[in-house]
There are 2 protein chains.
Amino acid sequence: MMPLAAFQSYLQRHLPGLLEEEVAVFTGLFTPRTLRRQEVLVHQDEVGRHGAFVLSGCLRAYVTDAKGKEHILQFAPESWWIADQYSLLHQAPAQFSIDAVEASNVLLFDPAFYPRLRQLGPELQQFFYELLQNSVAAMQHRLIGVLSATAEARYLDFQQRYPTLAQRLPLRHIAAYLGITPESLSRLRKELARG
Amino acid sequence: MMPLAAFQSYLQRHLPGLLEEEVAVFTGLFTPRTLRRQEVLVHQDEVGRHGAFVLSGCLRAYVTDAKGKEHILQFAPESWWIADQYSLLHQAPAQFSIDAVEASNVLLFDPAFYPRLRQLGPELQQFFYELLQNSVAAMQHRLIGVLSATAEARYLDFQQRYPTLAQRLPLRHIAAYLGITPESLSRLRKELARG
DNA sequence: GCCATTTCTTATCCTACATCAAGGCCTTGC
DNA sequence: GCAAGGCCTTGATGTAGGATAAGAAATGGC
């Protein structure tokens, strides 16, 4: 299964200090899996059993609110991690669902991943700590955005931060990420196109 | 300085496995400090030099946007941690400011805290990992809130989650946290009072 | 290749909250 | 003790984006 090479190169890029043997052990913690478009990996309100590293394709984390509307917390294209970590670590009901936006190849990990990670030495631990910090920073940025910026400004910011995602994702998903209706996004795009 | 006892009991509650000696070493990483009301600990856009554990009083993390409006990311009353971790770890300009909402006693830590933490064994590391996870979860909850709920619903949720804060904080700060103007909060409260 | 479904757009009307303006009530300083 | 400034409220008006409805354009199944 070729796309695994994407994981090897990811490790080399971000954890160059890892010994070949450590890489092997670490890689052994994951289970490869293919997801079809729309296939659900984690169901909101059920205990999550997996998190994922995305080899190819794109996943999303989203909540479905009382009125049935979906709100997207995060997209995870190639080389991103996605999981409800809290649910995994505490075996608590998941706060959100995770599914595949596109047909995807992923590496799954399960709750046992965390204790094993700790045995694998400080470098990996620190790496995951920093990943988590990055997601805090990203979330803060989004929160500030919805608190202070217009939908148009948020859309432009999204395009700038994630140019490839902005092109390949269906607009309705982008709208659900920005926190507006597809109709509003459509209007907004027309405005922008006119200049 | 009496309020330090608050820290000791915090450690006992959350890290009961720590040896007396470890507690002493860990506590030695912090510098006590008093903050007057409104005193600023971290300035947005400057490199942050400190994070804090709050012994008494209350701090807040907030950003000031282009129009001069403040948006509050987090309140930190007694027994909470507050810091721009990314700024501390990477010595990058802070994404937000931190100041004291009330006169406060805090324990400061600096960038050297992180490497020392790693030397102090896995229990503390894991504890901080989980703290970070909790803040991700809290942030996600807020993001969902602003994306999907009305100002009224968010205010009620705030009152329920942080009943003491809801009482002791000035309303304009609560408004800045909820993402609405003080005028809107005032009106909203009148409605709720009429019920 | 054609029907069915989903996705995107457009138009109209509506609502939650912002903005602007002003007044009352505290606090705090001298 | 009173002036000055903050804080909260109230009112009038404005606006970004929502809700609804319906048509156009992709997409996919068979």
Side-chain angles (χ1 to χ4, degrees), chain A residues 36-39 58 60 62 64-72 75 99-103 142-159 165-194, chain B residues 36-39 58 60 62 64-72 99-103 142-159 165-195:
Chain A
R36 284 185 305 272
R37 203 157 142 326
Q38 307 230 41
E39 195 169 348
C58 185
R60 76 208 243 254
Y62 63 100
T64 308
D65 72 17
K67 290 173 216 130
K69 289 181 59 174
E70 291 177 357
H71 305 279
I72 297 179
F75 292 113
D99 74 1
V101 172
E102 307 168 347
R142 282 193 69 189
L143 189 57
I144 297 307
V146 288
L147 291 181
S148 70
T150 62
E152 178 175 321
R154 274 177 278 145
Y155 177 60
L156 291 172
D157 182 66
F158 180 76
Q159 282 191 316
L165 285 182
Q167 299 211 350
R168 74 197 241 207
L169 293 173
L171 292 172
R172 102 204 109 93
H173 280 157
I174 296 178
Y177 180 91
L178 296 175
I180 59 178
T181 59
E183 292 92 331
S184 290
L185 180 55
S186 181
R187 261 187 302 218
L188 188 165
R189 280 162 53 87
K190 186 164 67 161
E191 276 309 299
L192 287 173
R194 279 208 306 98
Chain B
R36 283 184 306 272
R37 205 157 131 350
Q38 307 230 40
E39 194 169 345
C58 185
R60 75 207 243 255
Y62 62 100
T64 309
D65 72 18
K67 290 173 216 129
K69 290 180 59 172
E70 291 176 356
H71 305 279
I72 298 179
D99 74 1
V101 172
E102 308 168 349
R142 281 194 70 189
L143 190 57
I144 297 307
V146 288
L147 292 181
S148 70
T150 63
E152 178 175 320
R154 274 177 278 147
Y155 177 60
L156 291 172
D157 182 65
F158 180 76
Q159 280 190 315
L165 284 181
Q167 299 211 350
R168 75 200 241 206
L169 293 173
L171 292 172
R172 98 204 109 92
H173 281 339
I174 297 178
Y177 180 91
L178 296 176
I180 59 178
T181 59
E183 292 94 328
S184 291
L185 179 56
S186 179
R187 269 187 278 262
L188 188 166
R189 280 161 52 87
K190 188 165 64 161
E191 277 308 298
L192 287 173
R194 281 208 306 96

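Basis for what follows: all heavy atoms, side chains included, without hydrogens, waters or symmetry-related copies. Given the structure is predicted, the values throughout are model-derived calculations rather than measurements.
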### Query
Can you tell me how far the OH atom of B/Tyr155 sits from the CZ atom of B/Arg189, to the nearest 0.5 Å?
4.0 Å
#### Entry: Spacing between B/Glu152 atom CD and C/dC17 atom P, to the nearest angstrom
8 Å
### Given D/dG11, C/dC8, D/dT9, the nucleotide with the shortest approach to the side chain of B/Ser186
D/dT9
### Query
Is the shortest distance from a Lys or Arg side-chain nitrogen in B/Glu70 or B/Arg60 to a carboxylate oxygen in the other one below 4.0 Å?
yes
### Message
Please confirm whether the shortest side-chain N or O distance from A/Lys67 to OP1 or OP2 of D/dG18 is below 4.0 Å.
### Response
no
### Message
Side chain of B/Ala151, heavy atoms from C-beta onward: which of D/dG17, C/dC17, D/dT10 has the nearest atom to it?
### Response
C/dC17
### Query
Counting any heavy atom closer than 4.0 Å, what does A/Lys69 reach on the DNA or RNA strands: base, sugar-phosphate only, or nothing?
sugar-phosphate
### Task
Take the protein atom CG of B/Leu185 and the nucleotide atom P of D/dT9, then report the distance between them rounded to whole Å.
8 Å
## Note on the structure
With the side chain defined as heavy atoms from C-beta on, B/Leu171 is closest, among C/dA18, D/dT9, D/dG18, to D/dT9
### Which residue lies more 5' along DNA chain C, comparing B/Ala149 with B/Arg37 via nearest heavy atoms
B/Ala149
### Query
For the base of D/dG6, is there a side-chain donor-acceptor partner from B/Arg172 under 3.5 Å away?
no
### Distance, rounded to the nearest Å, where A/His71 contributes NE2 and D/dG18 contributes P
11 Å
### Task
Could you say whether B/Ser184 or A/Thr181 is positioned toward the 5' end of DNA chain D, judged by the nucleotide with the nearest heavy atom to each?
B/Ser184
## Note on the structure
Testing C/dC8, D/dT9, D/dG18 for proximity to the side chain of B/Glu183, the answer is D/dT9
## Note on the structure
Of D/dG18, C/dT9, C/dT19, the nucleotide closest to the side chain of A/Arg189 is C/dT9
#### Entry: Nearest-Å distance for atom pair CG/P, residues A/Leu188 and C/dA11
16 Å
### Interatomic distance where CZ belongs to A/Arg187 and P belongs to C/dT7 [whole Å]
20 Å
### Query
Do the non-hydrogen side-chain atoms of A/Leu156 and A/Phe158 ever get within less than 4.5 Å of each other?
no
### Query
To the nearest Å, how far apart are B/Leu178 CG and C/dA16 P?
17 Å
#### Entry: Heavy-atom side-chain proximity of A/Cys58 to A/Arg168 below 4.5 angstrom
yes
### Message
Quick one: does any side-chain atom of A/Ser186 pair with a main-chain N or O of A/Pro182 as donor and acceptor, under 3.5 Å?
### Response
no
### Task
Can you tell me the distance, in whole Å, between the OH atom of A/Tyr155 and the P atom of D/dG17?
14 Å
### Short side-chain N/O contact from A/Lys190 to OP1 or OP2 of C/dT9, under 4.0 Å
no
### Query
Starting at CD of B/Glu70 and ending at P of D/dC7, how long is that distance when rounded to a whole Å?
11 Å
